[in-house]
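Order of listing sets the numbers, starting from 1, for every ligand and every atom in it.
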Amino acid sequence: MITKRILTGDRPTGRLHLGHLVGSLQNRARLQYDYDTILIIADLHMLTTKPAREDIEQITNNARGLVLDYLGSGIDPERTTIYLQSAIPEIYELNTLFQNLVTVNRLMRLPSIKDMAQVAHIDEESIPYGLLGYPILQSADILLARAQLVPVGKDNVAHVEIAREIARHFNRLYGEVFPEPEPLLSDVPALVGTDGRGKMSKSAGNAILLSDDEKTLTRKVHSMFTDPRRIHADIPGTVEGNPVFIYHDAFNNDREEVETLKSRYRAGQVGDREVKEKLFIALNRFMEPIRQRMRHYEQQPSLVDEILWNGTERMCRIASETMREVRRAMGLDRAMTRIRRALEKYRKAG
Ligand code: TRP
């Protein structure tokens, strides 16, 4: 049986947090045993909302951080291919070709484009062409690798649908080159942030990073929001929807301790401080193996680079194979090869 291929990944905008871990990283680490898994570090996608020099200067560092977060979460570099999007020349080419297979109308109707603009503080009139084309570039990622499965969050399902449409459209026009990729939606609900207000996100300042050390973790846990009506330890509190207990449920595997804490909390027999201290201990225990794996790689920075090079090298081979077929199917290969050969000859002669 041929193993199916998975493609998914992240923009290199910063380090990953516990929300990413439960929402996607743990899932990827599981899937890598059954699928040919490829992780993209989508720096070209990052440019659609962060095109400044300072953002670009961060790419190398952020890419290394992402690789560390992946490895810390249990991604095995022997099984999973990790690559840097901008280092694959073919992605620019396929993106350009795909731009003719999607209508502007189709893209403008996607809520995700406006959502991303909003997060980036771009008003609707100022949405760049590249941001509108975000799903086309993402389709090029998916189809360049000829991935069959794309694990994504809710907000990205519509982009995988665009990739399916492009694959179908391309195959109809030029012949079967691409499989129709399917989204793999994780059923884990988004993890709430430490402020209990919305989902965990770095920009909201309510995130616990996988790379946070013990001191940072203590500080973040002790400043978490709890039941706002509970101004004294002897007031009965609410457990449901309380972020401290949501985290206890998610990360404390001492179930008995969690149940005892809950009933004491409901009865007004325990202070927030103790609930948080126990959460800190549990979270710290949970994160220690992640930190350990990260430390292992952090101590050998050249190994992290090598993992990224190796992955990018493998993706280059896949990309050149796909593009050969794309150009042949479209009939672009003849003229292109002829002109390229002539150009080479001309250069040598000069
Ligand atoms: N759009 C993804 C995000 O929200 C990143 C991404 C880029 C991606 N290319 C992809 C995800 C291909 C899955 C498949 O950050």
Validation row, ring centre F286 to ring centre Y247 under 6.0 Å: no
Aromatic centroids of F280 and H222 separated by under 6.0 Å: no
D272 and T226: CA distance, side-chain angles, deciding distance, side chain to side chain donor-acceptor pair (under 3.5 Å) verdict: CA-CA 8 Å; D272 278 10; T226 57; 2.7 Å; yes
From V326, I88, N95, residue fulfilling side chain to side chain contact (heavy atoms under 4.5 Å, CB included) relative to L144: I88
Tell me which part of [X] gets within contact of ligand 1: side chain, backbone, both or neither, using heavy atoms under 4.0 Å.
| X | result |
| --- | --- |
| V150 | side chain |
| V160 | neither |
| D141 | side chain |

R11 N/O under 3.5 Å from ligand 1 N/O: yes
N or O contact, Q138 vs ligand 1, cut-off under 3.5 Å: yes
Return all side-chain donor-acceptor pairs below 3.5 angstrom for residues 335-350, not counting sequence neighbours, or 'none' if the list is empty.
unit_1 : atom_1 : unit_2 : atom_2 : d
T337   : OG1    : D333   : O      : 2.4

Atoms of ligand 1 close to [X] [distance to a heavy atom under 4.0 angstrom, numbered from 1]:
| X | answer |
| --- | --- |
| H45 | 7 (C), 9 (N) |
| A42 | 7 (C) |
| T8 | 13 (C), 14 (C) |
| L7 | 12 (C), 14 (C) |
| Y134 | 1 (N), 2 (C), 3 (C), 4 (O), 5 (C), 15 (O) |

Parallel, tilted or perpendicular: ring planes of H159 versus Y134, cut at 30 and 60 degrees: tilted
Partners passing ring pair (Phe, Tyr, Trp, His ring centres under 6.0 Å) against Y70 (at least two apart in sequence or in another chain): none
Protein residue, atom and distance nearest to atom 5 (C) of ligand 1, heavy-atom basis: G9 O, 3.7 Å
Identified side chain to side chain donor-acceptor pair (under 3.5 Å) counterpart of R264 within the set E274, Q269, E259: E274
